[in-house]
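Letters go in sequence order (proteins before strands), and every chain restarts at 1.
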There are 2 protein chains.
Amino acid sequence: MTETQSCPLEILLKQISGQWTLYILWVLDTNGSQRFGELRRKVEGISTKVLTERLRLLESLELVHRHHEPTIPPQVTYTLTERGKELSGTLDRLYELAVRWYGTDPKAVV
Amino acid sequence: MTETQSCPLEILLKQISGQWTLYILWVLDTNGSQRFGELRRKVEGISTKVLTERLRLLESLELVHRHHEPTIPPQVTYTLTERGKELSGTLDRLYELAVRWYGTDPKAVV
DNA sequence: CCGCATCCCTTCCGATACTG
DNA sequence: CAGTATCGGAAGGGATGCGG
């Protein structure tokens, strides 16, 4: 019951753990609001099931906002919240490292 | 076989995914080299099994160096490599966010 | 188009007990 | 002290097929 007083970073990292969570935020940050299908294509390798799950998680953490336009066919757009932007903004340096360590992003706009 | 050409950030995030991985790096960064027991106490809530597993992973990624002094009792010290320092250095801003969102670290030195 | 449902597998995690 | 061994459970993930 008495929650162990943990470092806030420990709490945050637990919440956003998982292979895809942060990457989805990053894609939303660098590409702006995206529809489900766009997201699925840009987050290479992810399945619709997992993408849905992760988006729901990000919604519940108020990092992403879901806008549903009930047209036919439906249009659903995902946008970073202010919180989400703050968080994805911290990934810039991680991206730089990744490029140095693993090579240039084939999709990067030079 | 033909590896899908992914964004390097996607690769990196996959490698370091998991609830504890980055947090261990952070603890090693802010506290300097640590022995196994120190680490276990500072990474609150982790079990010895998982801590061992994650340290082995970090070793294999060359983010952490393991120094084993075969005394009795043995002394094993874990230290960030240059790579590890680079990576943990990118967590500063994430830590700031975490503090703002979830409150001040009870262990923080003010 | 945007999912949800299902099945199944792997990884990650947690607790406990034990050893050199 | 620094792990290993074992077990069980939870979460994350992948593939496929169906539905509003």
Side-chain angles (χ1 to χ4, degrees), chain A residues 1-4 6 10-25 27-28 31 33-61 63-79, chain B residues 1-4 6 10-25 27-28 31 33-61 63-79:
Chain A
M1 291 304 159
T2 46
E3 261 301 325
T4 309
S6 296
E10 183 178 335
I11 301 171
L12 177 59
L13 286 174
K14 174 162 185 167
Q15 291 183 336
I16 60 176
S17 65
Q19 183 183 161
W20 300 109
T21 318
L22 286 176
Y23 190 63
I24 294 170
L25 284 182
V27 169
L28 279 172
N31 296 276
S33 296
Q34 297 282 302
R35 295 179 57 183
F36 186 87
E38 297 175 308
L39 221 36
R40 187 172 47 76
R41 280 185 296 277
K42 275 167 184 148
V43 182
E44 281 187 38
I46 200 170
S47 66
T48 65
K49 171 179 166 287
V50 174
L51 180 54
T52 304
E53 284 174 1
R54 298 289 94 187
L55 285 169
R56 295 281 181 276
L57 171 71
L58 291 170
E59 246 191 292
S60 76
L61 295 175
L63 297 172
V64 160
H65 175 69
R66 179 176 188 264
H67 177 69
H68 176 228
E69 200 67 43
T71 53
I72 297 181
Q75 295 205 359
V76 182
T77 307
Y78 294 92
T79 311
Chain B
M1 289 303 160
T2 47
E3 262 300 327
T4 309
S6 296
E10 183 178 336
I11 302 171
L12 177 58
L13 285 174
K14 173 162 185 166
Q15 291 183 335
I16 60 176
S17 66
Q19 184 182 160
W20 299 109
T21 318
L22 286 176
Y23 190 62
I24 293 170
L25 284 182
V27 170
L28 279 172
N31 297 276
S33 296
Q34 297 282 302
R35 296 178 56 182
F36 186 86
E38 297 176 309
L39 222 35
R40 187 173 46 76
R41 280 185 295 276
K42 274 167 186 149
V43 182
E44 282 188 38
I46 201 170
S47 67
T48 65
K49 172 176 164 288
V50 174
L51 180 54
T52 303
E53 283 174 1
R54 298 289 93 186
L55 284 169
R56 295 281 182 275
L57 170 71
L58 291 169
E59 246 192 293
S60 77
L61 295 174
L63 297 172
V64 161
H65 175 69
R66 178 176 187 266
H67 178 68
H68 176 227
E69 199 68 42
T71 51
I72 297 181
Q75 295 204 1
V76 181
T77 307
Y78 293 92
T79 311

(message) Tell me whether A/Arg56 is salt-bridged to A/Glu53, with the criterion being a basic N under 4.0 Å from an acidic carboxylate O.
(response) no
For the [atom1] atom of [X] and the [atom2] atom of [Y], what is their distance to the nearest 0.5 Å?
{"X": "B/Leu55", "Y": "B/Thr48", "atom1": "CG", "atom2": "OG1", "value": "11.0 Å"}
{"X": "B/Leu58", "Y": "B/Leu25", "atom1": "CG", "atom2": "CG", "value": "5.0 Å"}
{"X": "A/Leu28", "Y": "A/Lys42", "atom1": "CG", "atom2": "NZ", "value": "9.5 Å"}
{"X": "A/Arg40", "Y": "A/Ile24", "atom1": "CZ", "atom2": "CD1", "value": "13.0 Å"}
{"X": "A/Arg54", "Y": "A/Glu59", "atom1": "CZ", "atom2": "CD", "value": "13.0 Å"}

(message) Is there a side-chain contact (heavy atoms from CB on, under 4.5 Å) between B/His67 and B/Thr79? Walk through the geometry before answering.
(response) CA-CA 8 Å; B/His67 178 68; B/Thr79 311; 5.7 Å; no
(message) With a 4.5 Å cut-off on side-chain heavy atoms, are B/Leu63 and B/Thr21 touching?
(response)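 No, their side chains stay 4.5 Å or more apart.
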(request) Measure the shortest side-chain to side-chain distance between B/Glu69 and B/Thr77 over non-hydrogen atoms and say whether it is less than 4.5 angstrom. (result) no
(request) Could you walk me through whether A/Ile46 and A/Tyr23 pass side-chain contact (heavy atoms from CB on, under 4.5 Å), step by step? (result) CA-CA 11 Å; A/Ile46 200 170; A/Tyr23 190 63; over 6 Å; no
(request) Please report, rounded to the nearest Å, how far the P atom of C/dT16 is from the CD1 atom of B/Ile46. (result)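 Between P of C/dT16 and CD1 of B/Ile46: 16 Å.
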Between the protein and nucleotides 1-6 of chain C, list the N/O to N/O atom pairs that are separated by less than 3.5 angstrom.
| residue | atom | partner | partner atom | Å |
| --- | --- | --- | --- | --- |
| C/dC1 | O3' | A/Arg35 | NH2 | 2.9 |
| C/dC2 | OP1 | A/Arg35 | NE | 2.9 |
| C/dC2 | OP1 | A/Arg35 | NH2 | 3.0 |
| C/dC2 | OP2 | A/Gly37 | N | 3.1 |
| C/dG3 | OP1 | A/Arg66 | NH2 | 2.5 |
| C/dG3 | OP2 | A/Tyr78 | OH | 2.7 |
| C/dC4 | OP1 | A/Arg56 | NH2 | 2.8 |
| C/dC4 | N4 | A/Thr48 | OG1 | 3.1 |

(request) Grab the two heavy atoms, one from A/Ser6 and one from B/Glu44, that are nearest each other, plus how far apart they are. (result) OG-OE1, 4.4 Å
(request) Under 4.0 Å from any atom of DNA chain C, heavy atoms only: list the residues of residues 10-20 of chain A that qualify, in numerical order. (result) none
(request) Tell me what A/Arg40 touches on the nucleic acid: a base, only sugar-phosphate, or nothing, going by heavy atoms under 4.0 Å. (result)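 Nothing, no nucleic acid heavy atom in range.
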(message) When the axes are fitted on five pairs at both termini, how much does the helix from C/dC1-D/dG20 to C/dG20-D/dC1 curve, in 10° steps?
(response)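 Computed angle between terminal axes is 50°.
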(request) Taking side chain to side chain contact (heavy atoms under 4.5 Å, CB included) as the test, write out the residues that go with A/Val76, two or more places apart. (result) A/Arg66, A/His68, A/Tyr78
Considering only distance and modelled atom types, tabulate donor-acceptor pairs under 3.5 Å from the side chains of residues 11-20 of chain B, sequence neighbours left out.
| residue | atom | partner | partner atom | Å |
| --- | --- | --- | --- | --- |
| B/Lys14 | NZ | A/Gln19 | OE1 | 3.4 |
| B/Gln15 | OE1 | A/Tyr102 | OH | 2.3 |
| B/Ser17 | OG | B/Lys14 | O | 2.9 |
| B/Gln19 | OE1 | A/Lys14 | NZ | 3.3 |

(request) Please find the earliest and latest nucleotides of DNA chain D, in the 5' to 3' direction, that have an atom within less than 4.0 Å of any heavy atom of chain A. (result) D/dG12 to D/dG20
